[in-house]
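See structure below.
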Amino acid sequence: MKKKTNRIIFSSYFLIVICLFSCVNTNVSSSQTFTKSLKSHFENKFFIGAAINESTILGKDDKSYQIVNNQFNSITPENSLKWMYIQPKPNQFDFNTADQYVQMGLDNGMYIIGHALVWHAQLAEFMQETKNKNEFRSHVENHINRLVKRYKGKIDAWDVVNEAFEEDGKLRNSIFYKNMGENYIEEVFKLAEKLDPEADLIYNDYNLYKPKKRNAVIEMVKQFKANGTKISGVGVQAHWGLNYPTIDEIEQIIYDFHIAGVSVSFTELDISVLPNPWELVGAEVNQNFSKFEGDPKMNPYPDNLPNEVALKLANRYYDIFRLFVKHSDKIERVTFWGVTDKYSWLNDWPIKGRINYPLLYDRSYKSKEAYRKVLQVKTN
Ligand code: XIL
């Protein structure tokens, strides 16, 4: 929270300096100078972030880079810090993209997220093949050591563990659980704290609007607190639809985690406008629905989004942000999972090759009606 205030004061100062400069520089029109942005609109409420892909980080997609820089004050690496990319072979690290990611955040005064240290998906193959439990544990410790030390004081918040619970509230029978036992989550949180005591430490998951799963996370938070183990916040992924979860359900998430004594961040917000395969469970990335590929019923808007649906999306975002502002004292950050519809992961998940429209920017990098509606949400 302290860092948040500092950053906001810094960015306000920066804005004033820019304004002063623009006032004497007659070439800059007033509309350019005072253009609204998401980050200025929600200033003092919560960080507003975007997950960014490798092209944006490496400067190959300048339009996305500009949007991120102008509109957002927090970034998350969509893939670049995941185990399979950063440590593909035992003790062989490739920090190139991750370093540039962190530098981008530092250059632009952003709240920088590390996603994710421990996750069963997008893991390196060698971890699947490591059968010896001691060896497995030392790979995990080495991984966390190398990443957290390297970015100490630079990465502001780590998703320490991602998606460790099942829908019924049981611990997921993941490779980490099998090799390290039921205390592995607390163990890695403790390690992360030791390596960077200042960093915010987050537990991140999907479907937390479902009470059984949420209660399991709340129990974990209580246990950490009773043991004096640091946990700063819970990340609610927020891969949602036009009709689910309800605003009441989202509000309950905010209340419950607030009462449990942790901040809430909405870490992966996007709203799918496409039909879901009925068996779909949350955002588990390994689910396979290839039988629906090419089925026009599952891809109803291949050319453009009908106005009526675009409006539904805009109103849905409006309602969600109204709720976020109402509870901004309990919310640390709201991050969109992507920048433009063009590169959203939801074009390929859960069914490959669809055209989805889940974000605030369209395929030609133009802001959508949903963007304008979000900026209409009153903040005082
Ligand atoms: C997704 C990325 O967006 C895709 O590019 C990748 O192919 C799969 O992972 N939950 C998470 C994110 O925590 O890391 C996932 O990101 C989406 C679901």
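Keep in mind that what you see is a predicted model, and the values were worked out from it rather than measured. All ligand and atom numbering here is 1-based and tracks the order in the structure.
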Would you check the N or O atoms of Lys82, main chain and side chain alike, for any that come under 3.5 Å of an N or O of ligand 1? yes
Can you list the ligand 1 atoms lying under 4.0 Å from a non-hydrogen atom of Glu78? 2 (C), 3 (O), 4 (C), 5 (O)
Which class fits the ring pair Phe136 and Phe176: parallel under 30°, tilted 30 to 60°, perpendicular over 60°? perpendicular
Ring centre gap for Tyr361 and Tyr365 strictly below 6.0 Å: no
Quick look: Trp119 vs ligand 1, heavy-atom contacts under 4.0 Å, and the answer is side chain
For ligand 1, the portion of Trp349 having any non-hydrogen atom under 4.0 Å away: neither
So is Tyr206 touching ligand 1 or not, going by heavy atoms under 4.0 Å? no
Trp158 ring center near His115 ring center (under 6.0 Å): no
Hey, are Lys373 and Glu369 close enough for a salt bridge, meaning a charged N less than 4.0 Å from a carboxylate O? no
Would you call Glu167-Lys213 a salt bridge at under 4.0 Å N-O? yes
Report, in ascending order of atom number, the atoms of ligand 1 lying under 4.0 Å from any heavy atom of His115. 11 (C), 12 (C), 13 (O), 14 (O)
Counting non-hydrogen protein atoms only, what is the nearest one to atom 11 (C) of ligand 1? Give residue, atom name and distance. Glu268 OE1, 3.0 Å
Side chain, backbone, both or neither: which part of Asn79 comes within less than 4.0 Å of ligand 1 when only heavy atoms are counted? side chain
Using a heavy-atom cut-off of under 4.0 Å, does the side chain or the backbone of Asn162 touch ligand 1, or both, or neither? side chain
Can you pull the salt bridge (charged side-chain N to carboxylate O under 4.0 Å, His left out) pairs that have at least one residue in residues 240-261, sequence neighbours excluded? Arg214-Asp256, Glu251-Lys326
Ion pair present between Lys190 and Glu193, side-chain N to carboxylate O less than 4.0 angstrom? no
Below 3.5 angstrom, do we get any N/O pair linking Asn204 and ligand 1? no
Can we say Lys342 and Asp362 salt-bridge, meaning some charged N sits less than 4.0 Å from an Asp/Glu carboxylate O? no
Tell me: protein heavy atom nearest atom 8 (C) of ligand 1, and distance? Gln122 OE1, 3.5 Å
